[in-house]
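Residue indices begin at 1 and follow the sequence shown. Read the numbers this way: they start at 1 and go in the same order the structure lists the ligands and their atoms.
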Amino acid sequence: MKKKIMALIMAGVIAASLAACGGNSGAASTDSAAEEKTEEAAEEEAATEEAAAEEPTAEAGAVSEYLADGVLTVGTNPEFPPFEYMGDDGNPDGFDIALINAIGEKLGVDVVVESYNFNSLVESIGSKIDVSIAGMTVTEERKQAVDFSDSYYEAIQSVIVKKDSAIASADDLKGKSLGCQLGTTGDFIIQDIEGAENHQYDRGVDAVNDLLNDKVEAVIIDRNPAAVFQAQYPDDLKIISGEDFGFETELYAIAMPKGDTALADAINGALAELKADGTFDKLVEEYINE
Ligand code: ARG
């Protein structure tokens, strides 16, 4: 991301207009002529700027600074299959990565994906990264710091327990030692459970490992990654739907810098096109329903 790009474009416009009307106002001119020319130049410059602001072709102001440099820097936390995980080639892969790449293609920008702890994604948006796609749930609290795109997926938290666990309802979670990924909605749910001991991990898979080791009695994590983790230990673990615990459904969306409507319009427009042309459903089939 290059915030300076707009300043550079404007500087270019001014320089060009000065060059066009300034002419050879140097050596040969008398002092007063030079002054006149300068005034003239200033007027024309102002007129050029006005015209640039009105002309639809010179709509540079409507292009987000985050897209103007041709590179969209995207933060994710590749510990959340099937939405994002480390691919065999050492680069993040998954549904979200494929989706943001398709969005970048629609917008004609290169997408660069960088890995962060989930907990530090929101605070990095608009500085270290342009946007974040990370199976991130839209919450009122996060909305204080970032804007969200139109949502692209509905989810709910699941509860993973050992096969022989007696945990089955919300009351059963009270006073238990529970695991989650730090800074996630699962974490926020545990914080509200009476008497629960909250074990927060940087990675959801670490919470699952401590469940297998009996260090925690349940893990609260989004439904799809829960299914992926449970499937690795089908003999030891089972999943209970969050609906049985009264958890609310959640909506995933791309988190963006606050107040950049040009960026939001561009991303939402691309998302709508991908839904309309079937690309979105194809990615759901490929990464989520396979
Ligand atoms: N949906 C949950 C939330 O927004 C968890 C997301 C975790 N994502 C990740 N890439 N680790 O808090």
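Considering only residues two or more places apart in sequence or on other chains, Val161 meets the side chain to side chain contact (heavy atoms under 4.5 Å, CB included) condition with Val159, Ser165, Ile167, Ala218, Lys238, Ile240.
For the pair Val131 and Pro257, the tightest heavy-atom approach, listed with the atom from each and the gap, is CG1-CD, 4.2 Å. Nearest heavy atom pair, residue Leu121 against residue Ile129, reads O-CD1, 3.9 Å. Contact between Met256 and Ile125 at its shortest, heavy atoms only, is C-CG2, 3.5 Å.
By the criterion of side-chain heavy atoms lying less than 4.5 angstrom apart, applied directly or through intervening Ile, Leu, Val, Met, Phe, Trp or Tyr residues, Tyr287 is grouped together with Leu271 in one hydrophobic cluster.
Ring-centre distance between Tyr153 and Phe83: below the 6.0 Å cut-off.
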Go ahead and list the nitrogen or oxygen contacts between ligand 1 and the protein that come in under 3.5 Å, distances to 0.1 Å, or just say none.
residue	atom	partner	partner atom	Å
ligand 1	1 (N)	Gly135	O	2.8
ligand 1	1 (N)	Thr137	OG1	2.8
ligand 1	1 (N)	Asp222	OD2	2.7
ligand 1	4 (O)	Thr137	N	2.8
ligand 1	4 (O)	Thr137	OG1	3.3
ligand 1	4 (O)	Arg142	NH1	2.8
ligand 1	8 (N)	Ala134	O	2.8
ligand 1	10 (N)	Asn77	O	3.0
ligand 1	10 (N)	Glu84	OE2	3.0
ligand 1	10 (N)	Ala134	O	3.2
ligand 1	11 (N)	Asn77	OD1	2.7
ligand 1	11 (N)	Gln181	OE1	2.9
ligand 1	12 (O)	Arg142	NH1	3.4
ligand 1	12 (O)	Arg142	NH2	2.8
ligand 1	12 (O)	Thr185	N	2.8

